[in-house]
Amino acid sequence: QGLAQGTASHLKEAPFSCAVPFRSRFHSNFSLVDRMASKRYGAVGVGLAGAVAGSAFIASPGSQTKNGALRATRAAPQAASASASSAASTASYAAASVVAASAGVLLTRRPGAMSKTTVTALQAFEQELGVQPPVGFWDPAGLSKDGDVEAFKRRRSVELKHGRIAMLATMGYITPEIAGKFPGYLSPSAGLKFADVPNGLAAISKVPAGGWTQILLYMGWCEVSRGPGSDIASGRPGDFGWYVLTSADPEQKKQKLNAELANGRLAMMAIIGMFYQDGLTGSAWGDWSLYTDSPLRAFENETGVQPPVGFWDPLGLSVSGNLSDYKRRREVELKHGRVAMFATIGYILPEYWRFPGYLSKFLDIKFSEVPNGLSAFSKVPALGWLQIVGFAGIVELNVYNEQVNDEPGNYGAGFLGLRSIGFMNAGIADPEVRKKKLNAELANGRLAMFAIIGMFFQDGLTGSAWGDWSLYTDSPLRAFEEELGVQAPVGFWDPVGYTRDGDLETFKRRRETEIKHGRVAMYATIGYIVPEYIKWPGFLSPSMGLKFSDVPNGLAAIGKVPGNGWAQIVAFAGYYELFVYKYNGVPGEYGWKAISSADPEVRKRKLSAELANGRLAMMAIIGMFFQDGLTGSAWGDWSLYTDSPLR
């Protein structure tokens, strides 16, 4: 906004630009050869994680490296060593593949194979200008994932230009509002003064064609005068030779240039917001009172528009601005609200008082014999329902059929509709008082619609509108609410609805599976922690000269354990599964009572604790797998996660 004002000032001033030195260290980093050749990835299938699915990849150490702008490779001796070690690890990978059928999703990598000089594509950018807290290097669209330095420089140059233009444009909106406008003429030949040019988008139609020609020519000159892409070619995006932001101190200069980038990003958001507000309201500050073309204007003062939400139409039913449709919907809402209020009261009143005498003398049914709520449907005789439907039809067709003063819901029936039943009254003459009472009726009707639906559900499930859980005896959850594992604070928790069929045998089978997974996960979690402090002495495989101390902790161990070792592990697990831990109808009961007590309550408490600990361990081990697979450590040292796309 204020494009004409800003343009005039630009024509009198030198080009605005500033240097953003691009780090020369890039060029040395680019010449590194790939140090990733000896990284190994193992894959094992779905198992231990149960419902948790994942994937991994197996790549031989000799696999071909990717093409790209940034690469790093090991020196030749290291590459040869990695190639020689691949044959020795073939048996390990084969054995790990056998474990895949029962062990779970694991991504393995050798911490030792991770070179400290590894340079990934995105590491080259994480120290660049514009990488600032709190988000750090932020590239959600993945534009820089290919590591193409030329593309990165080009985008940074474009970002700087856009940011500078946006800052000028934002100031061009604000300055004329505060400091006024230039004196004199913008175009003497056209008799057009600066004061005659409005602020913002409205200036576009005021600036003469000759002025727009000058603006375009000036922009083109700024763009090509030093040669297209000259700043990128020099390795310094945004550097066009005029240093507004500079300093002899490199850190201070970096701080200033980072501030420019941040301000430019903010200005790009700001100017787009100003454009929208200006286009809709005629003002960059978005005065709602000026947005006279809004389709909501026709309804914002209508009955039912109340704080705190005001005019609320999330489905956009009134965006067409059709007043007839709006009033029809408002009338329907009022009718539904009135019926819902009667129904809600009809649920509550019979709990305290009922009509005396007979509902049907012929059928010998007293009012006191008709139950409250939904169960009354089956008690009311057919002729009673016919009377109800007939009465509702008469009211709909002959009483509430013509609106007074075109007001939705006003049928000339007076206060509380008393005229409909023979009580004459003048109604409410004061428009403001009438509007206030109708607003209250609408609000109460909306609340009643929610209330009656809630009562229907609770009544249908429990036989009572008040939803007494003890009465909901048909709940499929009843069979399991006293089972092991039902613990505070969530109680019986089955968000997916596995147990809604009430099948007890299926429930027990799932509980058995959960207990096994929990026990394995607790062992696995401890198995991650203990080797950090102590390992077995001696040899894991004397024939191969492999000591326990040679086996790394965590996922990296998969590639070290020999094939015969994996065969023993699989055989041992299979033996326990098939012959020892045989299901006997009681989940987790295999005859060996590590957790037991003569007191049933104490035993239940201990077994519940085991389940809770197992659930925690399943979450913990999956977290360890991910952290180990990404960083080479179960504790997830971020400094080791050099392949992160966030680098």
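Just so it is clear, the values below take in all heavy atoms, side chains as well, and ignore hydrogens, waters and symmetry mates.
For the atom pair D430 CG and K435 NZ, the distance stands at 12.0 Å (nearest 0.5 Å). Interatomic distance, I394 CD1 to E396 CD, rounded to the nearest 0.5 Å: 12.0 Å. Atom CD of Q277 is separated from atom CD1 of I272 by 12.0 Å, given to the nearest 0.5 angstrom. To the nearest 0.5 Å, atom OG1 of residue T344 and atom CZ of residue F450 are 12.5 Å apart. Between R338 atom CZ and E333 atom CD the span is 11.0 Å, to the nearest 0.5 Å. In this structure, the separation between NZ on K145 and CG on D139 is 9.0 Å, given to the nearest 0.5 Å.
Summarising the local packing, NZ of K193 is surrounded by 12 or fewer heavy atoms from other residues, nucleotides or ligands at distances under 6.0 Å. Within a 6.0 Å radius of NZ in K604, other residues, nucleotides and ligands contribute more than 12 heavy atoms. Residue F367 places its CZ atom among more than 12 non-hydrogen atoms of other residues, nucleotides or ligands, all under 6.0 Å distant. Heavy atoms from other residues, nucleotides or ligands lying under 6.0 Å from NZ of K335 number more than 12.
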Evaluation steps, side chain to side chain contact (heavy atoms under 4.5 Å, CB included), between L359 and E369: CA-CA 9 Å; L359 170 65; E369 295 172 348; over 6 Å; no
Should K379 and I365 be marked as a side chain to side chain contact (heavy atoms under 4.5 Å, CB included) after you check the CA-CA gap, both sets of side-chain angles, and the distance that decides it? CA-CA 9 Å; K379 286 288 187 179; I365 301 176; 5.8 Å; no
Please walk me through it: do T525 and M522 pass side chain to side chain contact (heavy atoms under 4.5 Å, CB included)? CA-CA 5 Å; T525 305; M522 286 189 280; 5.7 Å; no
Go through the steps to decide whether R509 and E512 satisfy the test salt bridge (charged side-chain N to carboxylate O under 4.0 Å, His left out), and finish with yes or no. CA-CA 5 Å; R509 180 178 58 79; E512 165 88 355; over 6 Å; no
Verdict with reasoning, M455 to I348, per side chain to side chain contact (heavy atoms under 4.5 Å, CB included): CA-CA 10 Å; M455 288 176 170; I348 298 170; 4.3 Å; yes
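Ring geometry for W385 against F377 counts as parallel: the plane angle stays under 30°, on a 0 to 90° scale with 60° as the upper cut.
Across G518 and A617, no two heavy atoms sit closer than the pair O-CB, 4.4 Å. What you find for P176 and N199 is that their closest heavy atoms are CG-OD1, 3.9 Å. Between M341 and G445, the shortest heavy-atom contact is SD-N, 3.9 Å. Annotation for E351 and N372: closest pair OE2-ND2, 2.9 Å, computed over non-hydrogen atoms. Nearest approach of P198 to K206, heavy atoms of both residues: CD-CG, 3.4 Å. Counting all heavy atoms, side chain and backbone alike, I621 lies closest to A521 at CG2-CB, 4.2 Å.
With sequence neighbours excluded, no residue forms a salt bridge (Lys or Arg N to Asp or Glu O under 4.0 Å) with R329.
Taking 4.5 Å as the limit, some side-chain heavy atom of W212 sits within range of a side-chain heavy atom of I204. Contact of the R511 side chain with the E514 side chain is registered, since non-hydrogen atoms from C-beta on lie closer than 4.5 Å.
D459 contributes no side-chain N or O that, together with a main-chain N or O of G373, makes up a donor-acceptor pair within less than 3.5 Å. For the pair R354 (side chain) and K366 (backbone), a donor-acceptor distance under 3.5 Å is absent. Side-chain atoms of D278 do not come within 3.5 Å of backbone N or O of M274 as any donor-acceptor pair. No donor-acceptor pair under 3.5 Å is formed between the side chain of R155 and the backbone N or O of S144. A donor-acceptor pair under 3.5 Å is formed between the side chain of S205 and the backbone N or O of A202.
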